[in-house]
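Heads up, the thing below is written out as structure tokens.
Everything numeric in this text was worked out from a predicted model, so none of it was measured.
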Amino acid sequence: MINERKGSEKMTDVRAEMSASVFRIDASAGDEVAAGDALIVLESMKMEIPVLAGSAGVVKEILVKQGEIVEEGALLARLG
């Protein structure tokens, strides 16, 4: 789930589409990513669910840690 925020710099919030645990983090703040790149991998019921960048940009923040449990709609990362 991706939400765009308004402001001087266009920021894109990346949110969890389901409740899950953070299995792996594939991106770091400062990384340039292309649309479709995996940022984070969630795990739920032994299935790995990649969280993809909806558009090209720079990772501004990763807001979760590996092993953390997140709820549906939780803010995972911000792109700019």
Problem - Non-neighbouring partners of D37 that pass salt bridge (charged side-chain N to carboxylate O under 4.0 Å, His left out), sequence neighbours left out - result: none
Practice task
Check whether any side-chain heavy atom of V22 lies under 4.5 Å from a side-chain heavy atom of L42, and answer yes or no.
Solution key: yes
Problem - Smallest separation among heavy atoms of S19 and E72, with atom names - result: OG-N, 3.3 Å
Problem - Minimum side-chain heavy-atom gap L39-L79 below 4.5 Å - result: yes
Exercise for the section: Could you list who else is in I69's hydrophobic cluster, with ILVMFWY side chains joined at under 4.5 Å, directly or through other members? Expected result: none
Completion exercise
residues 39-53 vs salt bridge (charged side-chain N to carboxylate O under 4.0 Å, His left out), sequence neighbours excluded, gives none
Completion exercise
Taking every heavy atom of L75 against every heavy atom of R78, the minimum-distance pair comes out as CD2-NH2, 3.2 Å
Sequence neighbours excluded and cut-off under 3.5 Å, please list the side-chain donor-acceptor pairs for residues 23-35, or say none.
from, atom 1, to, atom 2, distance (Å)
R24, NE, D26, OD1, 2.7
R24, NH2, D26, OD2, 3.4
D31, OD2, S28, N, 2.8

Completion exercise
Taken in chain and number order and not counting sequence neighbours, the residues that satisfy side chain to side chain donor-acceptor pair (under 3.5 Å) with S44 are none
Exercise for the section: Indicate the atoms forming the closest heavy-atom contact of E71 with A16, along with that distance. Expected result: O-CB, 3.7 Å
Problem - Partners meeting side chain to side chain donor-acceptor pair (under 3.5 Å) with Q66 (sequence neighbours left out) - result: none
Handout entry: Value rounded to 0.5 Å, distance of CG in L76 from CD in E68
Key = 8.5 Å
